[in-house]
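Hydrogens, waters and symmetry mates play no part in the numbers below; they use all other heavy atoms, side chains included.
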Amino acid sequence: MSWRRLALAGLLTVGLAPAAGAVDVREVTTPLGLKAWLVQDKSAPVVALSFSFDGGSATEPDAKKGVTNLMAIMLTDGAGSLPAEDFRRRQQDATASIGFGASPDLLSGSLRVLSANRDKGFELLRLAMMEPRFDQAMLDQRRAQSIAGLNQAEQRPGTVAMRTLTAALFENHPYAHAVSGLRDSLKALTPGDLRTRAHELLSRDGLLISAVGDIDAGELGRELDRTFGGLPARTAKPALPDWTPPARPRTIVVQRPVPQSSVLMAMPALNRDDPDWYAALVMTQILGGGQQSRLFDEVREKRGLAYGVSASLRSYAKASVLMISTASANEKVAEAIDVIGKQLERMRSGDVTADELADAKTYLSGSLALSLDSSGAVSNMLQSFQVDRLPRDYFVKRADLIAAVTAADVHRVAGRILREQALTTVVVGQPVGLTSDR
């Protein structure tokens with residue numbers, strides 16, 4: 001890593017690190033009508049930009065599997081008159097870092113740049129979006145890397161478990177993102193396919209932007225119009241269908257010659273805009289949110305069945321899932337799953353102590369502030385708020401929403417989510433006493 005990149009990384013780390021309630025988020029409207037959220041902070045000479053476009057890998061055609069992720073990676077593999085190596089060198093010279101990535105719902109991007117080189121950084125970002133090269137030689141290289149990654153992933157039980165679970169949970173839905181056929185699709189992709197996908201996703205409709213750092217509203221407006229203003233105002237983006245959650249429990253065992261089985265358990269949860277979302281957060285924290293959680297205490301501390309176990313909520317545009325993850329020796333994995341099931345039943349019974357409730361609220365309120373340790377972290381957080389359609393003052397409101405959760409709320413939401421009839425369990429390894437019932 002060059003000294004310029006090291007300098008940028010250091011500045012991003014020591015930049016904005018506010019308490020959550022102290023973040024002043026302004027809405028900026030540019031002359032061309034683009035909207036962005038801005039937290040201005042001059043304590044470090046850095047600008048951090050995070051943005052996203054509607055449409056991700058879930059909307060790509062089956063015949064073009066993998067095109068969205070490959071396109072996202074290659075947006076910075078050369079642009080305009082600059083081949084890949086020259087484009088990387090220009091970033092280094094500007095002490096800038098540009099990146100893109102794809103999720104099932106979104107194409108996301110970021111820019112981190114020293115404020116003294118702001119114009120150069122934004123211009124490189126504009127080039128990446130408006131004039132990506134998609135050179136054949138780079139496509140061949142990235143394609144080979146992607147296929148090698150797929151081959152390596154098949155040797156990792158945790159990755160196999162996640163892919164198997166996703167395919168089972170979202171069967172017949174685009175979120176399933178089946179790996180079958182992906183290699184053949186990757187091998188067939190052309191630079192024209194990547195250009196077509198970029199044109200489909202890179203447009204101003206559905207564009208969300210957040211900026212943090214040494215830049216004011218007027219400067220940001222000018223930079224955004226120069227950078228994003230040349231994108232088409234609107235493109236045809238396919239809508240995702242609604243998800244029909246599983247209606248019966250399933251256990252899926254994938255045999256792998258490993259001494260320890262990887263386990264994922266999941267069930268449908270609540271949409272992000274559900275009034276019970278914060279009660280679900282608190283319940284999940286009590287259940288498996290860390291080393292003070294019930295699952296950690298029962299599975300690891302009391303019985304030594306696993307090194308770790310956790311529960312978390314995952315949200316998509318069309319789905320939300322509560323997921324439990326652990327790994328246990330093949331001869332103990334059945335017992336670990338049984339203990340987890342008993343803890344789900346206990347949570348449904350409404351047995352939540354005042355200390356558990358208070359500890360979960362304290363952690364959830366404090367963890368957000370602790371995560372805001374850089375300008376980039378704040379801009380990424382703001383971006384996630386925009387995607388979830390949260391208000392600009394959410395930093396302030398979140399703590400009150402969590403504090404208002406009662407034990408009765410936790411009991412109610414546990415009854416809504418923790419339903420055995422919708423539980424999907426995936427085990428990858430050689431588990432003793434477990435077989436698939438799919």
Side-chain angles (χ1 to χ4, degrees), residues 8 11-54 96-99 106-123 125-126 129 203-231 233 272-273 365-402:
L8 176 60
L11 284 169
L12 285 170
T13 300
V14 302
L16 186 67
V23 178
D24 179 21
V25 185
R26 299 177 57 191
E27 184 171 75
V28 174
T29 302
T30 74
L32 290 181
L34 298 174
K35 294 186 182 297
W37 286 4
L38 169 64
V39 175
Q40 186 176 354
D41 176 74
K42 293 186 175 294
S43 64
V46 173
V47 176
L49 191 77
S50 299
F51 53 92
S52 64
F53 302 88
D54 277 344
S97 177
I98 300 170
L106 299 170
L107 172 66
S108 301
S110 65
L111 166 68
R112 309 290 185 260
V113 63
L114 293 178
S115 51
N117 300 327
R118 188 179 64 211
D119 290 348
K120 294 178 181 178
F122 275 90
E123 172 59 17
L125 176 58
R126 186 197 69 80
M129 294 186 295
S203 65
R204 284 177 282 158
D205 62 315
L207 172 62
L208 299 173
I209 307 170
S210 64
V212 175
D214 184 18
I215 190 169
D216 63 31
E219 294 165 340
L220 178 64
R222 289 187 292 273
E223 295 285 12
L224 294 182
D225 278 351
R226 282 196 293 265
T227 304
F228 295 94
L231 295 174
R272 185 62 183 79
D273 58 356
S365 296
S367 61
L368 178 64
L370 290 174
S371 70
L372 305 180
D373 58 357
S374 70
S375 300
V378 178
S379 68
N380 287 338
M381 185 70 71
L382 289 177
Q383 182 67 23
S384 70
F385 292 170
Q386 290 179 292
V387 170
D388 290 336
R389 297 180 175 85
L390 298 171
R392 282 186 292 122
D393 60 353
Y394 181 67
F395 279 115
V396 177
K397 291 183 175 180
R398 183 177 185 271
D400 291 338
L401 292 166
I402 290 172

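The salt bridge (charged side-chain N to carboxylate O under 4.0 Å, His left out) contacts involving residues 391-401 comprise D393-K397, where partners must be two or more places apart or lie in separate chains.
Distance check: I215 CD1 to R118 CZ gives 4.5 Å after rounding to the nearest 0.5 Å. One finds the CZ atom of R26 at 14.5 Å from the CH2 atom of W37 (value rounded to the nearest 0.5 Å). Note that the CE atom of M129 and the CZ atom of R126 stand 9.0 Å from one another [nearest 0.5 Å]. Of the inter-residue distances, the one linking I209 atom CD1 with T30 atom OG1 reads 7.5 Å to the nearest 0.5 angstrom. Going from atom CG of L382 over to atom OG of S50 covers 8.0 Å, rounded to the nearest 0.5 Å. Atom-to-atom distance recorded for D24:CG and D41:CG is 11.0 Å, nearest 0.5 angstrom.
Summarising the geometry of V212 relative to S375, their closest heavy-atom pair is CB-O, 3.8 Å, with the distance given to 0.1 Å. Taking all atoms of both residues into account, the shortest heavy-atom contact from R112 to S379 is NH2-OG, 3.6 Å. In terms of heavy atoms, L231 sits closest to S203 at CB-CA, 4.3 Å. Across every non-hydrogen atom of L111 and A96, the tightest pair is CD1-CB, 4.4 Å.
With sequence neighbours excluded, no residue satisfies side-chain hydrogen bond (donor to acceptor under 3.5 Å, both in side chains) with N117. With sequence neighbours excluded, the residues satisfying side-chain hydrogen bond (donor to acceptor under 3.5 Å, both in side chains) with K42 are D214. T29 meets the side-chain hydrogen bond (donor to acceptor under 3.5 Å, both in side chains) test with K35; sequence neighbours excluded. With sequence neighbours left out, the side chain to side chain contact (heavy atoms under 4.5 Å, CB included) criterion links S108 to S52, L106. Considering only residues two or more places apart in sequence or on other chains, R222 meets the side-chain hydrogen bond (donor to acceptor under 3.5 Å, both in side chains) condition with none of them.
Within the 4.5 Å cutoff, side-chain heavy atoms of D225 are placed close to those of L34. Side-chain contact between F51 and L125 is present, with heavy atoms from C-beta onward closer than 4.5 Å.
Between the side chain of D216 and the main chain of G218, a donor-acceptor pair closer than 3.5 Å is present.
Applying side-chain contact (heavy atoms from CB on, under 4.5 Å) to L49 and the options L224, V113, I98 leaves one that passes, L224.
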Tell me, with the steps shown, if Y394 and V25 meet side-chain contact (heavy atoms from CB on, under 4.5 Å). CA-CA 10 Å; Y394 181 67; V25 185; over 6 Å; no

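Of the charged side-chain nitrogens involved, at least one lies within less than 4.0 Å of a carboxylate oxygen, so that E223 and R226 count as a salt-bridged pair.
In this pair, F228 and F53 present their aromatic rings tilted. The plane angle is within the 30 to 60° band.
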